[in-house]
Structure formats: C-alpha cells, structure tokens
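Input: a single structure, listed below in structure tokens.
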Amino acid sequence: MASWRVARRMFCAAAEAPAAPGPSSRWERLKSSKAGVWCRSLVSDYKEACREMVVGAWEKPLKASVYGTLLGGVLACFYSKPDRMSFEADLLERSNQLCLLSPWIRSGTSDGHIQTLVKLRNEGRLRHASLGVLSVMYRTDYDPDTMLYEAQCSNLSVPWRELPQRILDIGFVGRWWVLDSRMKDYDVNNEEFKHLPAYMQVTSPPSIQEVERNERLHNESLLPLTVEDEEKETKVVNKEESQSQPVVEKQAQA
C-alpha cells in the first residue's frame, strides 16, 4: 500500500512538472538572430518616421504642401531631363531645317552654331553628363577611341575647372535651351540689311488701327462682287478711256 502511494506521488509530480522545451522553429531562430533584431528595429524606425510625417502634415498642411510641391518638381525635372539621344535628334532636325534654306537667307548665328556642333559630333568630341535634374553637353579635345598618348594619359586630361568653358548646351525640362535660343529667327539673315540706312534696318510693329484696316481689306477681298460693283468698275474704266482719247488725238495731230 505504501509502495502504491509512492508511485502515485511520483506520477503526480511528473505531471505537475513543466514540459521540457522542444526544438524551436527556423522562423523563431531567424527572429531572435542579430539580423532579425536589426530588421525589426529598422522597420520600427520607418513606421515611427512615417507616423510622425503624417502627424506633421496634418498639423502643418501649408508647410507639407510646400515640401510636397518642391519634391514633386524635383522628381518631374529628374524624369523629364533630356539625354544624349534627344540632343542628337534635335541637332539633326535643326540641321535639316537649315539645309532647306538658301545660304543667302540663313542666319549666320544659327548656321555657325549648328555647323560647329555637327563637326564636333562627327569627330566624336561631344560628351554628355547628367547632373541630377539637368543634363549638360560639353566638348573634349579627343575622341575616346583615339590611341594617342595625349588622349589616353590621365595626367594630361582636362581639369574640371575648365568644364564651364567647354559647356555647349544645357538640357532642362525636356529642352536644350542654348540650341533653341540659337535657332531663333534662323531664316533671317541680318547681313542682307547691313548696307541699308539705320531707319530701314529697324522695323516697328504695326499699330492696332493698321492691323484692323488690313484685316478689313482682307475680308472685303474675299466677298463676291455684286452687279453694282461691276457697273461702277465699268463706268470708271469708260471714263478713263474717254479722258485718254482726246490726249491721244492731240498727240497725233501734233
């Protein structure tokens, strides 16, 4: 009987004792590792930063809108900046526009600038650099495939302080600004008018009255002629003929 009591106590103590921890899973081991702890702290920091940003935007909407507008403008400028291919396409298009004109009516400024760019492109001396929100086209002294010692030696390369003197164009918001400015009035050759007097070289825009008068005459010229107008024109012509006949007779008698 005593042995039965001892056995029962042993079984009760074994049941009440906590179970031994089994082998942990792979996910738990990963979470408790150093990498897991670092990732959890990083996610917690980002969650806290996003929460503070939302709370700050709610408390100060004007400041948040200004920052959002600036950030959106920077992103728009970054994604809309032109690249090297767009510059070469614009250059070929402007060159074709000048080729359609006679050399006598081309603008000397536009023609000289385009010819210089085309020459540098054919020589392989055009370079493109991306500066974040804008692009820059500049010239170099040699083609990168040139095997000359001066072209391959890094000690003889052009220093960065000379880059502003070598810049040819600036690309911003999808446009090449220098190329567009040089092509303004590309079909007007100012050299044709340098021999004219000073008052004839400068033309003033027409006044409002002159513009209205020209528009009125243009609209009247498109109207069909009526019978009365034809009769008036016939009378005017007959009157001129009758006045010219006595003069012709007098000349014949003389």
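Note that the structure is predicted; figures quoted are calculated from it, not measured.
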Derivation and outcome, salt bridge (charged side-chain N to carboxylate O under 4.0 Å, His left out), residues Arg216 and Glu212: CA-CA 6 Å; Arg216 180 174 55 80; Glu212 293 179 352; over 6 Å; no
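Under a 3.5 Å cut-off, the side chain of Asn189 and the backbone N or O of Trp104 do form a donor-acceptor pair. Here the side chain of Asp111 pairs no donor or acceptor atom with the backbone of Ser107 at under 3.5 angstrom. Side-chain N or O atoms of Thr146 include none that pairs as donor or acceptor with a backbone N or O of Leu148 at under 3.5 Å. Listed for the Asp169 side chain is a donor-acceptor partner under 3.5 Å among the backbone atoms of Leu179. Between the side chain of Arg127 and the backbone N or O of Met137 there is no donor-acceptor pair closer than 3.5 Å. Under the 3.5 Å distance criterion, the side-chain polar atoms of Trp176 are left unmatched by any main-chain donor or acceptor of Ile170. Checked by atom type and distance alone, the side chain of Asp83 pairs as donor or acceptor with a backbone atom of Ser86 at under 3.5 Å. Side-chain N or O atoms of Ser80 include one that pairs as donor or acceptor with a backbone N or O of Ala76 at under 3.5 Å. In this structure, the side chain of Arg106 engages the main chain of Leu98 through a donor-acceptor pair within 3.5 Å.
No single ILVMFWY cluster, assembled from side-chain heavy atoms under 4.5 Å apart, contains both Ile114 and Tyr138. Under the 4.5 Å side-chain heavy-atom criterion for ILVMFWY residues, no single connected hydrophobic cluster contains both Leu134 and Leu91. Note on Tyr142 and Leu117: separate hydrophobic clusters, where clusters join Ile, Leu, Val, Met, Phe, Trp and Tyr whose side-chain heavy atoms are under 4.5 Å apart, directly or indirectly.
Between Arg51 and Glu48, at least one side-chain N (NZ, or NE/NH1/NH2) sits under 4.0 Å from a carboxylate O, which counts as a salt bridge. Using a cut-off of 4.0 Å between Lys/Arg side-chain N and Asp/Glu carboxylate O, Arg125 and Asp143 are scored as not salt-bridged.
The shortest distance between side-chain heavy atoms of Leu120 and Leu168 falls below 4.5 Å. The shortest distance between side-chain heavy atoms of Thr109 and Tyr186 does not fall below 4.5 Å. Proximity of Val136 to Leu131: side-chain heavy atoms (C-beta onward) are separated by under 4.5 Å at one or more points. Annotation: side chain of Thr116 is not in contact with side chain of Arg139 (no heavy-atom distance under 4.5 Å). Using a 4.5 Å heavy-atom cutoff, the side chains of Val133 and Lys81 are not in contact. Side chains of His113 and Val178 form a contact here, defined as non-hydrogen atoms less than 4.5 Å apart. Two residues are said to be in side-chain contact when any heavy atoms from C-beta on lie closer than 4.5 Å; Ser102 and Ile105 meet this criterion.
No more than 12 heavy-atom neighbours from other residues, nucleotides or ligands sit within 6.0 angstrom of CD1 on Ile208. Around the CZ atom of Arg161, the shell of radius 6.0 Å holds no more than 12 heavy atoms that belong to other residues, nucleotides or ligands.
Between the side chains of Arg84 and His128, no donor N or O sits under 3.5 Å from an acceptor N or O.
The minimum heavy-atom distance between Gly174 and Pro82, with the atom names listed, is N-CD, 3.8 Å. Heavy-atom minimum distance, Trp177 versus Phe172: NE1-O, 3.0 Å.
Separation of atoms CE (Met183) and OG (Ser110) is listed at 5.0 Å; rounding is to 0.5 Å.
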